[in-house]
2 protein chains.
Amino acid sequence: MADGGTQIKRGRKFDQVLDGARKIFMSDGYEGASVDDVAKAAEVSKATLYSYFPDKRLLFMEVARLECCRQTEHALESIDMTQPVRDVLCNMCQHMMKFFLSPFGQRVFRICVAESDRFPELGREFYASGPEHVAASIMSYFDDAIDRGELQIKDRHLAAHQLIELCKADLFPRLVFGIDTEFSDEEINNVVTGAVDMFLARYGV
Amino acid sequence: MADGGTQIKRGRKFDQVLDGARKIFMSDGYEGASVDDVAKAAEVSKATLYSYFPDKRLLFMEVARLECCRQTEHALESIDMTQPVRDVLCNMCQHMMKFFLSPFGQRVFRICVAESDRFPELGREFYASGPEHVAASIMSYFDDAIDRGELQIKDRHLAAHQLIELCKADLFPRLVFGIDTEFSDEEINNVVTGAVDMFLARYGV
DNA sequence: CCGAAATTAAACGGATCAGTTTATAAACGA
DNA sequence: TCGTTTATAAACTGATCCGTTTAATTTCGG
């Protein structure tokens with residue numbers, strides 16, 4: 001409201017701090033990142049950093065929350081719901097996989113999984129701004145498609161989460177556990193097609 | 001060979017060390033566990049611990065490797081492949097979900113995800129003794145079922161990983177990110193049935 | 001029962017790191 | 001230009017923790 005920047009909170013170098021923190025946390029993880037490194041990357045003194053954030057945890061939470069929202073919104077706004085069902089589903093899966101398999105998506109997932117039992121709020125915020133948000137959008141699309149008679153789904157909640165999970169088949173674990181570091185478009189399309197084929201075999205008209 | 005115990009390596013208190021390490025690592029994670037705590041839990045001096053394992057990492061790797069093998073084997077040996085396809089698939093899914101949702105499965109997953117980019121061998125070993133091993137067993141069952149004309153699958157590899165991933169729908173993320181801590185049998189059966197329904201809609205005869 | 005191997009407790013070295021403090025300097029509004 | 005707010009660098013505190021060392025004790029085979 002009162003601030004000219006994007007943040008409600010005070011500050012001239014506030015965004016610098018967030019940017020530096022994001023950079024370091026994303027490349028080093030939560031435990032691996034030292035506050036000194038964050039301050040250095042932000043080109044800000046440690047005292048300044050601590051004048052904005054009371055401790056390392058809250059700084060990290062803010063970074064994670066912001067990034068999850070940003071990414072989820074970006075993914076959602078670039079899906080065109082007017083295409084045929086198969087195409088819409090393929091698009092959704094493409095976007096989800098692109099995020100799952102991106103270095104950034106990997107990092108966020110890794111950190112949230114690692115820290116969310118020692119740091120429950122983080123897990124909850126990530127889930128709300130990530131999986132839950134996406135699932136809600138998918139379900140909303142299902143509603144329309146069901147109304148138009150293009151899909152037959154009883155348990156929309158389950159169906160949405162099944163679709164999400166199908167996008168993780170094979171490639172995602174291989175990336176998370178370091179078997180591979182990147183995949184060809186062919187591999188990705190194969191999984192996307194497989195997911196949509198399976199989904200439509202079950203819920204198509 | 002030469003040793004009376006179960007271990008190839010030397011030692012009288014070797015197993016004590018592993019047991020204590022498993023207990024502490026599973027309850028505190030890798031970073032959260034201190035070697036002193038491990039030694040205490042193992043009722044062993046730290047010097048003894050270090051006489052068996054050169055450092056904390058290798059100790060953890062050995063614990064993780066052993067536990068993954070143990071759990072995977074246990075799950076595999078209790079599946080009866082002679083039942084009708086639908087029942088076998090339900091059984092498989094039940095077993096997988098039981099593991100995914102167990103406190104132990106959660107712990108291992110969490111730690112392996114967290115540590116596997118700073119500690120690549122761990123991720124690889126976990127993947128090999130977990131997902132890959134399970135997928136191989138599932139594919140081997142597919143081969144038989146296909147021969148008997150009970151399933152129609154072109155890409156067996158993809159199908160196996162799709163089945164695995166369908167078992168994680170909804171409940172698994174909710175547990176990983178701390179939304180819920182346990183689930184009713186009804187919820188679990190719902191996901192299992194949903195997974196098998198979907199799988200058979202796609203690959204059933 | 002002896003002597004080698006294993007085990008122990010306890011302290012220590014060296015390193016990292018979160019968060020505070022202090023004294024100084026820059027930025028900026030009035 | 002003055003005074004307040006904001007930022008800075010650097011040293012410091014207090015704590016944790018890995019891994020080593022030492023000197024004493026226990027275990028156990030032969």
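Numbers restart at 1 for each chain; the letters A, B, ... are given by sequence-line order, proteins then strands. Below, each value reflects all heavy atoms present in this structure, side chains not excepted, and no hydrogens, waters or symmetry copies. Note that this is a predicted model, so its numbers are computed, not measured.
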Atom-to-atom span, CZ of A/Arg57 to C1' of C/dC17 - whole angstrom: 15 Å
A/Phe142 ring center within less than 6.0 Å of A/Phe199 ring center: yes
Distance-only side-chain donor-acceptor flag, B/Ser27 / B/Arg107, under 3.5 Å: no
Contact letters for nucleotides 7-15 of chain C, in which S counts primed atoms plus P, OP1 and OP2 and B counts the base, heavy atoms under 4.0 Å: SB-------
is_close_aromatic(A/Phe109, A/Phe172), centroid dist under 6.0 Å: yes
More than 12 heavy atoms from other groups under 6.0 Å of CD on A/Glu186: no
Length of the CG-P vector between B/Asp55 and D/dC17, whole Å: 17 Å
Close approaches to DNA chain C from residues 21-36 of chain A, in residue order (heavy atom, under 4.0 Å): A/Ala33, A/Ser34, A/Val35
Atom pair distance, as rounded to whole Å: NZ in B/Lys56 and P in D/dC18: 5 Å
Lys/Arg-Asp/Glu bridge criterion (N-O < 4.0 Å) met for B/Glu62, B/Arg65: yes
Cut-off 3.5 Å, no hydrogens considered: what does the side-chain donor-acceptor table look like for residues 39-46 of chain A, sequence neighbours left out?
{"from": "A/Ser45", "atom 1": "OG", "to": "A/Thr48", "atom 2": "N", "distance (Å)": "3.1"}
{"from": "A/Ser45", "atom 1": "OG", "to": "A/Thr48", "atom 2": "OG1", "distance (Å)": "2.9"}

Distance in angstrom units between B/Phe53 CZ and D/dT20 P, rounded: 15 Å
Other residues, nucleotides, ligands: >12 heavy atoms within 6.0 Å of A/Glu182 CD: no
Ring center gap for B/Phe14 and B/Phe53 short of 6.0 angstrom: yes
Spacing of A/Lys40 atom NZ relative to C/dA18 atom P, expressed in whole Å: 12 Å
